Number of protein chains: 2
Amino acid sequence: MSTREIRQTLFAQFAVVADALAHSSRLALLELLAQGERDVETLSGLLGLSVASTSQHLQRLKHAGLVSVQRHGRRRIYRLASDEVSALVLNIGRVAEASLASVEKIVNQQLRAQDELPPVSTDELARLSARRAVVIVDVRPAEEYAAAHLPGAVNIPLDALRREMSRLPQDREIIVYCRGPYCLLALDAMRMLRRHHYRVRRLEESVSEWRRAGLPVEHGITTAMTGSA
Amino acid sequence: MSTREIRQTLFAQFAVVADALAHSSRLALLELLAQGERDVETLSGLLGLSVASTSQHLQRLKHAGLVSVQRHGRRRIYRLASDEVSALVLNIGRVAEASLASVEKIVNQQLRAQDELPPVSTDELARLSARRAVVIVDVRPAEEYAAAHLPGAVNIPLDALRREMSRLPQDREIIVYCRGPYCLLALDAMRMLRRHHYRVRRLEESVSEWRRAGLPVEHGITTAMTGSA
DNA sequence: TTTATATTCAATAAGTCTGTTGAATGATAG
DNA sequence: CTATCATTCAACAGACTTATTGAATATAAA
């Protein structure tokens, strides 16, 4: 096999992966699955796609080795094949943001315009947190929270927020965060809390950036509401 | 704009990037461009594609913001828009290798079977290099070598190898390396040197892995042949 | 000028991808 | 053992992609 043939074959396989990523619905599915495993119907509901279409996209993702399925009664539960996959989606996002002016525009105008208040940086949060001036809320699903979260953050997944909102104090500022710049959970949480007259801002970065900044993270489950647990 | 609409718009833009990556020839073009800027004809020759086809693929990549062009006489010189782009291609490769059994097979059978001798690990190379037992040859283009290279490595880009081969001693083992697991330059170099009766092995990893292992790297230009310059 | 050359453009035919149907599986519940 | 429900499958039309032509641009050399 010549170098050229090897290259061909190898890149043809890489293209299988890239092909699987090359559709907005499939990227959205991967982003949802990064938040936790889900069955077909739930996914189709969340994205507003037909069940058949959702199923077909999921099968394409599976064929490319990006997700795996497990039967559970008459449901099939899809999940990401590995964490590398969601890192890859983020990587594409970063390149798109750097390369396509249109993405930056959306990110700035839409994501950022939602905040009348500017998002909080890791630095600023570190200071606020040290003074116990704020309550930090991690709106990701429980498994992700358990894997790693900001010190003192309480976990209230978006699904549970309406129900558990009353646990949050009205007299301190709330800082919400989720998975990073393209994770829209924090935005939804912010909207919901503001409607109930909480003072809320959102952390701009994610746990991985927090960690990359050399700041400590916690593991496991915390239930206390007081701050640096 | 609702969260769902933002998601849609954002992921549609991400899909533009993924779409551009979703073809083996375009991935191969990016890999070549990662080695240095090139004009259309050269690229078409290296990949064995028609000029028209190459041009169209390059325009697609440009449209997705992954490469940029610059006119130079009647040629157009294409180059990667940023280093992020080649990181993204590597990222896809890593996911493909993890997710698709067929890729691992190719990597093992083809890339690795070329070596009758197993490739050298960073650890082993560090030992060999300390004893000045080997000559290390970096076969990447000069700019990449200048940016960072292994201590004591000489730079002989693949293009120049046939011409400059005589600078290499016949009585010491040669270790070649290039950009990482999917870089085929080192393989070509190894074949060529073996045809001329050199003892050659190839480093399994790349400069970035070397650095990640906590080992030192050198910058700038080295011309000496003796080892730890 | 005219000629050569590198690249792009435009048109085409063959192939691939998508979303939508409605029917087929296959597991559970009654 | 029948009904129900979640999912997949199969088939189709409409839209994109791709490689291949040969013609069109636009720069440089003669």
Side-chain angles (χ1 to χ4, degrees), chain A residues 4-5 7-9 11-30 32-33 36-79, chain B residues 4 7-9 11-30 32-33 36-64 66-79:
Chain A
R4 185 179 286 177
E5 284 168 324
R7 201 208 307 271
Q8 281 268 88
T9 321
F11 284 125
Q13 293 302 311
F14 292 7
V16 170
V17 171
D19 246 319
L21 298 170
H23 192 283
S24 59
S25 302
R26 286 195 294 269
L27 288 170
L29 282 169
L30 291 175
L32 281 177
L33 290 175
E37 52 182 52
R38 296 254 156 74
D39 61 43
V40 179
E41 200 172 37
T42 309
L43 290 168
S44 91
L46 288 167
L47 292 184
L49 297 173
S50 78
V51 174
S53 186
T54 307
S55 169
Q56 274 153 215
H57 282 307
L58 287 167
Q59 282 171 267
R60 209 128 158 16
L61 290 172
K62 185 175 156 228
H63 184 250
L66 302 181
V67 305
S68 63
V69 214
Q70 206 192 337
R71 305 179 83 122
H72 214 264
R74 58 184 111 174
R75 258 144 242 257
R76 281 167 218 209
I77 311 294
Y78 281 85
R79 63 176 59 114
Chain B
R4 186 179 286 177
R7 203 211 303 276
Q8 280 267 89
T9 321
F11 284 126
Q13 292 304 311
F14 291 8
V16 170
V17 170
D19 245 320
L21 298 170
H23 192 283
S24 58
S25 302
R26 286 194 293 269
L27 288 170
L29 282 169
L30 292 175
L32 281 177
L33 290 174
E37 52 182 50
R38 295 252 156 74
D39 61 43
V40 180
E41 198 172 40
T42 308
L43 290 167
S44 91
L46 287 168
L47 291 182
L49 297 172
S50 78
V51 173
S53 188
T54 306
S55 169
Q56 273 154 214
H57 282 307
L58 287 168
Q59 281 171 267
R60 211 130 157 12
L61 289 172
K62 185 175 156 229
H63 184 250
L66 302 181
V67 305
S68 62
V69 215
Q70 208 193 336
R71 303 179 84 123
H72 213 266
R74 59 183 111 174
R75 260 144 238 249
R76 281 169 217 207
I77 310 295
Y78 280 86
R79 63 176 58 115

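Because the structure is predicted, anything quoted here is derived from the model rather than measured. Heavy-atom basis, side chains included; hydrogens, waters and symmetry copies ignored.
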In whole Å, what is the span from the [atom1] atom of [X] to the [atom2] atom of [N]?
X      : N       : atom1 : atom2 : answer
L49(B) : dT7(C)  : CG    : P     : 14 Å
Q59(A) : dT25(C) : CD    : P     : 16 Å
I77(A) : dT8(D)  : CD1   : C1'   : 15 Å
D39(B) : dT8(C)  : CG    : P     : 10 Å
L58(B) : dT18(D) : CG    : P     : 13 Å
L61(A) : dT18(C) : CG    : P     : 10 Å
K62(A) : dC9(D)  : NZ    : P     : 8 Å
R38(B) : dA6(C)  : CZ    : C1'   : 17 Å

| message | So Q56(A), base contact, sugar-phosphate only, or nothing? Heavy-atom distance under 4.0 Å. | response | base
| In terms of side-chain heavy atoms of R60(B), which of dT7(D), dT18(D), dT18(C) is nearest? | dT18(D)
| query | Which nucleotide in the list dG22(D), dC9(D), dG19(C) gets nearest to the side chain of H23(A)? | reply | dG19(C)
Respond yes when some side-chain nitrogen or oxygen of [X] is under 4.0 Å from OP1 or OP2 of [N], and no when none is.
X      : N       : value
H57(B) : dT17(D) : no
S55(A) : dT8(D)  : yes
Y78(A) : dA6(D)  : no

| request: Using Watson-Crick or G-U wobble pairs with both distances under 3.5 Å, give me DNA chain D in dot-bracket, 5' to 3', with [ ] for crossers and | for pairs to another strand. | output: ||||||||||||||||||||||||||||||
| message | On DNA chain C, compare the nucleotides closest to D19(A) and R75(B); which residue's is nearer the 5' end? | response | R75(B)
| request: Compare every heavy atom of A22(A) with every heavy atom of A22(B), then report the nearest pair and how far apart it is. | output: CB-CB, 4.0 Å
| message | Give me the atom names and distance for the closest heavy-atom approach of A15(B) to S24(A). | response | CB-N, 3.7 Å
Which protein N or O atoms sit under 3.5 Å from an N or O of nucleotides 25-30 of chain D?
| unit_1 | atom_1 | unit_2 | atom_2 | d |
| --- | --- | --- | --- | --- |
| dT27(D) | OP1 | R71(B) | NH2 | 3.4 |

| query | Can you tell me how far the CG atom of D39(B) sits from the NE2 atom of H72(B), to the nearest 0.5 Å? | reply | 11.0 Å
| said: Can you list everything that forms a side chain to side chain contact (heavy atoms under 4.5 Å, CB included) with R74(B)? Sequence neighbours excluded, please. | reply: none
| request: Check side chain to side chain contact (heavy atoms under 4.5 Å, CB included) between E37(B) and all other residues, then give those that pass, not counting sequence neighbours. | output: I77(B), R79(B)
| field | Contact check, side chains of L66(B) and L21(B), non-hydrogen atoms, under 4.5 Å | value | yes
| query | Is there side-chain contact between V67(A) and L30(A), with at least one heavy-atom pair below 4.5 Å? | reply | yes
Using distance only, find each side-chain donor-acceptor pair of residues 43-57 of chain B under 3.5 Å and give its atom names and separation, not counting sequence neighbours.
| unit_1 | atom_1 | unit_2 | atom_2 | d |
| --- | --- | --- | --- | --- |
| S44(B) | OG | E41(B) | O | 3.1 |
| S50(B) | OG | S53(B) | N | 3.1 |
| T54(B) | OG1 | S50(B) | O | 2.8 |
| S55(B) | OG | Q59(B) | OE1 | 3.1 |
| H57(B) | ND1 | R26(B) | NH1 | 3.1 |

| task | Show your working on side chain to side chain contact (heavy atoms under 4.5 Å, CB included) between L58(A) and L33(A) and close with a plain yes or no. | result | CA-CA 11 Å; L58(A) 287 167; L33(A) 290 175; 4.2 Å; yes
| said: Let's see if you get this right: which residues in residues 40-47 of chain A place a heavy atom under 4.0 Å from DNA chain D? | reply: V40(A), E41(A)
